[in-house]
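Please read the structure below before turning to the comments.
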Amino acid sequence: MLRTHTCGELSLKNIGKKVTLCGWIQRSRDMGGMTFIDLRDRYGITQLAFNMDGRAVLCGKARALGREYVLKATGIVIERSSKNLKIPTGEIEILVEEFDVLNESKIPPFTIEDNTDGGEEQRMKYRYLDLRRNVIKKNIELRHKMSVETRNYMNAQGFIEVETPCLIKSTPEGARDFVVPSRMNAGEFYALPQSPQTFKQLLMVAGYDRYYQIVRCFRDEDLRSDRQPEFTQIDCEMSFVTKEDILNTFEGLAKYLFKNVRGIEVNDFPRISYADAMKYYGSDKPDIRFEMKFVELKSSGSSPHLGGLEGGNSPFEGGKGDVIDLTSGKNFKVFDDAELVVGICASGCGEYSRKQLDELTEFMKRPQIGATGLVYVKCNNDGTFKSSVDKFYNEEYLKKWAATFQAKPGDLILILAGNTEKTRKALCELRIEMGNRLGLRNPDIFAPLWVTDFPLLEWDEETHRFYAKHHPFTSPKPEDIPLLETNPAAARANAYDLVINGVEIGGGSIRIHKKDLQKKMLKTLGFTDEEAQSQFGFLMNAFEYGAPPHGGIAFGFDRWCAVFGGSESIRDYIAFPKNNAGRDIMIDSPSAISQQQLDELNIRLAPGNKK
RNA sequence: GGGGUCGUAGCUCAGUUGGUUAGAGCGCCUGCCUGUCACGCAGGAGGUCGCGGGUUCGAGCCCCGUCGACCCCGCCA
């Protein structure tokens, strides 16, 4: 070892000891007679001291060292005459006797500090320098801790980690596949897995009844701050279980991680049906760190599927499928024509100025949200009301509305109207915005919940067919199986999502384990028997050899790390992420390949695509 | 596929109505300084204003195109 200690561990206990440290020069301070160097490694920073008295030559050499030079320094640990209590090693310093420059460094393009002056692009181009920064290092360490603790929990629960292949078969369902040409099989392609879904099901058939894998997955879709083309899942599957068993097992995992990674004890996770999540939050991944639930002033009753039939144990009570109307008959066309009139009550915002209200309206009219307008009702402190629809609704009406919202004087009611789906979605955005404005979305507070009973299928207007909302291996709820033939849209899935702070952390389902039902499902999705057999025959064949009932879940590992780290972006939790366009600007990929490589792969590029 | 923000010194940014020699902070270089720790002080270097075209007596600023970065919608079973 070149060093005896790290830069983070020396203290007053080590006074007088001769030590050798290795690290990078964070900064040096030349005082004329003395020079100080902050030496940094993964573990911390230790100050090196050089004095012109006695060691003028050495001190002179030290003055010439630049930022990020790699140094090996040997000297005696001494107590500082003026201490820096801001850092753990601030009571000592190394009186250097000799040092070697292990490597020089160019001037880095940005400062290696928590508050770096580097912009996104520079940081990604020189990611190896960015990773030297404390803030990023902490994220990468958090990620490591997450994977260690995940494995600890899963192993203790009797799960075994099994690796599944990366070169698999392309299927048209779901996201676009990344595709890999096969040299040995001209004209044919592998696909990279979007998830190890079918393999883990085959492991269940094989009798490996508790499987997990921390595994890379690939999806060729457009990126976001929380979406990368390659990302990591905690992929899990169990046999001989019900939904309840899975929820309990993985609520256990989540609680274990909360405790061992974040040091937080969390209560049992609330559960909410998809239907209620949409009704009360306009989202299937609600942020329940704050209330501000939707209140409907007019609704046509139940949506086509899902009435929250499991009601009773849900804390999210409320009229399910009620037909209500507190708005019609006053000639306000916007409300009269609307399928849904729904709003939220922002506590203490009754004093909002005209400017603030206009701002909110503009926010809602942005093309990304696309609301046509925003109705407000201010609940004045004297018990009167002021609304943007005073012309149509008198005090009596507004009072009735306020009562429905349980609004207090000083509150602000914000109302949207229109088509049910769009209006809920838009109001969800507004709810999040108001949550932000009111400081109700503290990243250090965690509100996990399960969302259950998703619809099994989604109708696509363009292609005029059903798509699996989760994936085509998801089992319908047993009582809804007959609906596949009569009313597929109403069928609910035996599926569930884990949501933390409005972020979808994971999702899973009880799977289909019988060939007949799998065939029926694929048929509902528009597959012919031949297509079903050619694409998923391997799975259905396996089901004929004693497939056990099974189910599982997969967690977005990067997102979970980001949520635990208090960030909305997953990039800083991935050592080498890709940019918006799926490029790695450090290694400059993707890139063109040689004609020889193309020839070997039997690939001819379309004209105009040659680079 | 669409919407938005942005591109000026190594880095982060300012730059008014189109008008003289394009600025600041940080960083960098030189000098001074024996207890700093975001050291301080003095001085200095550093610019194809992303790229191409256009309008104009004159463009960092206006127009057209193009490239790139970031955020969002669509998409992501």
Side-chain angles (χ1 to χ4, degrees), chain A residues 26-40 45-54 56 59 63-64 66-68 78-87 89-91 93 95 106-126 129 171-177 194-195 197-198 217-229 231 363 365-370 422 425-426 429 454-458 460 462 466-474 493 495 504 507-509 521-522 525 554 556 568-569 571 579-581 583 585:
Chain A
Q26 175 76 21
R27 171 178 284 113
S28 61
R29 291 174 292 278
D30 179 359
M31 313 297 297
M34 303 190 72
T35 291
F36 299 103
I37 288 178
D38 292 339
L39 196 68
R40 183 199 70 239
I45 285 180
T46 298
Q47 177 166 283
L48 308 179
F50 299 83
N51 201 315
M52 287 301 277
D53 271 356
C59 190
R63 282 180 181 172
R67 280 164 57 204
E68 299 305 312
I78 58 170
E79 185 170 2
R80 291 199 199 181
S81 62
S82 94
K83 294 178 178 164
N84 178 0
L85 298 178
K86 284 187 277 185
I87 62 170
T89 61
E91 293 189 282
E93 65 192 355
L95 186 59
K106 287 166 65 170
I107 303 289
F110 50 85
T111 56
I112 313 295
E113 286 166 10
D114 287 5
N115 286 315
T116 180
D117 62 5
E120 193 89 11
E121 203 173 348
Q122 293 294 327
R123 290 176 43 215
M124 289 305 150
K125 185 169 175 187
Y126 300 94
L129 299 180
T171 58
E173 288 294 290
R176 290 186 191 87
D177 285 316
Q194 299 177 23
S195 89
Q197 181 61 35
T198 51
C217 301
F218 306 85
R219 291 178 192 174
D220 186 8
E221 295 293 346
D222 285 5
L223 278 52
R224 289 283 190 286
S225 54
D226 65 345
R227 265 168 24 198
Q228 286 272 304
F231 61 100
F363 172 81
K365 283 182 172 174
R366 278 161 47 222
Q368 281 82 350
I369 298 181
K422 278 186 186 164
K425 205 172 162 190
E429 298 288 342
F454 281 79
L456 184 68
L457 304 163
E458 261 176 334
D460 183 70
E462 271 179 37
F466 283 109
Y467 280 89
K469 176 136 181 114
H470 189 48
H471 55 54
F473 318 111
T474 298
E504 183 192 331
S509 61
M521 179 68 181
L522 291 170
L525 294 171
E568 308 232 325
S569 166
R571 286 195 198 159
N579 79 0
N580 248 2
R583 300 197 67 87
I585 56 178

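Each chain gets a letter, A, B and so on, in the order the sequences are listed, and its residues count up from 1.
The number of heavy-atom neighbours closer than 6.0 Å to NZ of A:K469, taken from other residues, nucleotides and ligands shown, is above 12. Heavy atoms from other residues, nucleotides or ligands lying under 6.0 Å from CD of A:E568 number 12 at most. Environment of CZ in A:R176: sparse, with no more than 12 heavy atoms of neighbouring residues, nucleotides or ligands closer than 6.0 Å.
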- Would you check, one step at a time, whether the test side chain to side chain contact (heavy atoms under 4.5 Å, CB included) holds for A:E429 with A:Q368? CA-CA 10 Å; A:E429 298 288 342; A:Q368 281 82 350; over 6 Å; no

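Rounded to whole Å, the separation between the P atoms of B:U16 and B:G7 comes to 12 Å. Across B:G27 and B:U20, the matching C1' atoms stand 30 Å from one another, rounded to whole Å. Separation of the C1' atoms belonging to B:G46 and B:C29 is 10 Å when rounded to the nearest angstrom. Using C1' as the reference atom, B:U56 and B:G68 are 29 Å apart when rounded to the nearest Å. Nucleotides B:G35 and B:C39 place their C1' atoms 10 Å apart, quoted to the nearest Å. Rounded to a whole angstrom, the distance from the C1' atom of B:G18 to that of B:G54 is 15 Å. Separating the P atom of B:U66 from that of B:G2 is a span of 11 Å, rounded to the nearest Å. Separating the P atom of B:G31 from that of B:A69 is a span of 42 Å, rounded to the nearest Å.
A donor-acceptor contact shorter than 3.5 Å links the side chain of A:Q26 to the backbone of A:I112.
The closest side-chain heavy-atom distance from A:E93 to A:K83 is not below 4.5 Å. For the pair A:I369 and A:K425, the minimum side-chain heavy-atom distance is 4.5 Å or more. A:T116 places none of its side-chain heavy atoms less than 4.5 Å from the side chain of A:Q122. Residues A:N579 and A:L223 are not in side-chain contact: their nearest non-hydrogen atoms beyond the backbone lie 4.5 Å or more apart. The side-chain heavy atoms of A:R27 and A:E113, taken from C-beta on, include a pair separated by under 4.5 Å. In this structure, the side chains of A:R29 and A:Q47 come closer than 4.5 Å at one or more pairs of heavy atoms.
Closest of all the heavy-atom pairs between A:R123 and A:F110 is CA-CE2, 3.8 Å.
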Contacts under 3.5 Å, N or O only, protein and nucleotides 8-10 of chain B:
none

Heteroatom pairs (N/O) under 3.5 angstrom, protein to nucleotides 45-50 of chain B:
none

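Checked against A:L48 for a side chain to side chain contact (heavy atoms under 4.5 Å, CB included), the options A:L39, A:L95, A:T35, A:D38 give a single hit: A:L39.
Residues meeting the salt bridge (charged side-chain N to carboxylate O under 4.0 Å, His left out) test with A:R67, sequence neighbours left out: none. For A:R219, there are no salt bridge (charged side-chain N to carboxylate O under 4.0 Å, His left out) partners two or more places apart in sequence or in a different chain.
Atom CZ in A:R123 sits roughly 13 Å away from atom C1' in B:U12 (whole-Å rounding). In this structure, A:K365 places its NZ atom 18 Å from C1' of B:G4, rounding to the nearest Å.
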- Task: If a protein heavy atom is under 4.0 Å from the base, mark B; if only from the sugar-phosphate, S; if neither, -; do that for nucleotides 65-75 of chain B going 5' to 3'.
- Result: ---SSBBBBBB

- Message: Each nucleotide in nucleotides 35-41 of chain B should get exactly one letter: B, S or -. Can you fill that in based on protein heavy atoms under 4.0 Å?
- Response: BBBSB--

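In this structure B:A22 sits in no base pair that meets the Watson-Crick or G-U test at under 3.5 Å. Under the Watson-Crick or G-U wobble criterion, with both distances below 3.5 Å, B:C6 is paired with B:G68. Base pairing of B:G74 is not made with any nucleotide, judged by Watson-Crick or G-U wobble geometry with both donor-acceptor distances under 3.5 Å.
Between A:G118 and A:G33, it is A:G118 whose nearest contact on RNA chain B lies nearer the 5' terminus. Each of A:M52 and A:T111 was assigned the nucleotide of RNA chain B with the nearest heavy atom; the assignment lying further toward the 5' end belongs to A:T111.
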